[in-house]
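Any value given below was found using the heavy atoms of this structure, including those in side chains, with hydrogens, waters and symmetry copies removed. Predicted, not measured: the structure shown is a model, and the values here were computed from it.
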Amino acid sequence: MSLGVGVAHLGRGDEFSSNSPEGAVAMGPVQKRPGAESMRRPPLLNPWPSPARVQTRAQRNANRAVVLQARQLYQQRLKEAQATYPNSLGYENHHLIPMYLGGPANGQTYQLPTAYHKAITQAFRRKWEYGQGRRPEPQRLQDIMIEVYSQYPIPQLIGIEP
């Protein structure tokens, strides 16, 4: 007689694990396929998460915090940009890598509110002025982009549609 909940009973060797020092161990209901041996499902719950799972959970929580912080920063910077450029209405396409810094004309673009686009453009100009006649080295370009986008996040990359 089996209760269907993984309770082993003596007399059928296929319903308990004899490898366990305690004897029979409930492993979930036994599944049988026609013409095949019995298959056990692994235990359903593990009360102790693995170190990898703990690390993954911590990373996920840290990522959520960073995204929430970036969203707040975007809202703040958007308000500042709208106050600085009150007549800038509508939207403009912003090249992720500005063309004057070596970004391709057909490179990735994001549609941004015009005032916010102007603010980002000014931030890039403060880091690398127009008209220098040369483009930054790759490492310097990466540093500029990190500095600007950490202050002016791209809304689509943090889950906001402008």
Task: Chi angles and distances behind the side-chain contact (heavy atoms from CB on, under 4.5 Å) call for Arg125, Glu129 - done: CA-CA 5 Å; Arg125 287 180 184 175; Glu129 293 181 16; 5.8 Å; no
Open item on the list: I'd like to know if Leu157 and Leu78 are part of one continuous hydrophobic network [Ile/Leu/Val/Met/Phe/Trp/Tyr, side-chain heavy atoms within less than 4.5 Å].
Closed with: yes
Open item on the list: Less than 6.0 angstrom separating the ring centers of Tyr110 and Tyr116, yes or no?
Closed with: no
Task: Audit row: Phe124, Tyr130, ring-ring contact (aromatic ring centres under 6.0 Å, His included) steps and yes/no - done: CA-CA 9 Å; Phe124 272 108; Tyr130 277 158; over 10 Å; no
- [ ] Enter the distance from Thr109:OG1 to Ile97:CD1 here, rounded to the nearest 0.5 Å.
- [x] 12.0 Å
Open item on the list: Could you check whether Tyr152 and Tyr74 have their ring centres less than 6.0 Å apart?
Closed with: no
- [ ] Could you walk me through whether Asn61 and Arg64 pass side chain to side chain donor-acceptor pair (under 3.5 Å), step by step?
- [x] CA-CA 5 Å; Asn61 289 339; Arg64 280 190 201 117; 2.8 Å; yes
Task: Minimum heavy-atom distance between Pro162 and Pro155, given as atom pair plus value - done: CG-CG, 4.1 Å
Task: Test item: His117 side-chain N/O and Tyr91 main-chain N/O as donor-acceptor pair under 3.5 Å - done: no
Task: Residue of the set Gln72, Glu80, Lys79 for which side-chain hydrogen bond (donor to acceptor under 3.5 Å, both in side chains) holds with Gln76 - done: Glu80
- [ ] Enter the distance from Trp128:CH2 to Met145:CE here, rounded to the nearest 0.5 Å.
- [x] 14.5 Å
TODO: Find the distance between NZ (Lys118) and CG (Leu112) and round it off to the nearest 0.5 Å.
DONE: 13.5 Å
TODO: May I have the step-by-step check of side-chain contact (heavy atoms from CB on, under 4.5 Å) for Gln55 and Gln59, ending in yes or no?
DONE: CA-CA 6 Å; Gln55 183 179 8; Gln59 183 65 44; 5.6 Å; no
Task: The single option from Leu101, Val148, Leu141, Asp143 passing side chain to side chain contact (heavy atoms under 4.5 Å, CB included) against Lys127 - done: Val148
Task: Inter-residue atom distance Arg126.CZ - Glu147.CD, 0.5 Å rounding - done: 11.5 Å
TODO: Would you mind checking if Arg140 and Glu137 are paired as a salt bridge, meaning a charged N to carboxylate O distance below 4.0 Å?
DONE: no
Task: Which atom of Gly159 lies closest to which atom of Arg71, heavy atoms considered - done: CA-NH2, 3.9 Å
Task: Shortest non-hydrogen contact from Ile154 toward Leu96 - done: CG1-CD1, 4.4 Å
Open item on the list: On a heavy-atom basis, which atom in Pro153 and which in Leu73 lie closest, and how many Å separate them?
Closed with: CD-CD2, 4.0 Å
Task: Between NE2 on residue His95 and CD1 on residue Ile120, distance to nearest 0.5 Å - done: 13.5 Å
Task: Euclidean distance, Leu68 CG relative to Asn63 CG, rounded to 0.5 Å - done: 11.0 Å
Open item on the list: If we ignore hydrogens and angles and just use 3.5 Å, is the side chain of Arg77 paired with the main-chain N or O of Gln151 as donor and acceptor?
Closed with: yes
- [ ] Output, in order, the C-alpha distance, side-chain angles, deciding distance and verdict of side-chain contact (heavy atoms from CB on, under 4.5 Å) for Gln75 and Ile160.
- [x] CA-CA 10 Å; Gln75 296 298 335; Ile160 296 175; 4.0 Å; yes
- [ ] For the pair Thr114 (side chain) and Gly90 (backbone), establish whether a donor and an acceptor sit closer than 3.5 Å, ignoring hydrogens and angles.
- [x] yes
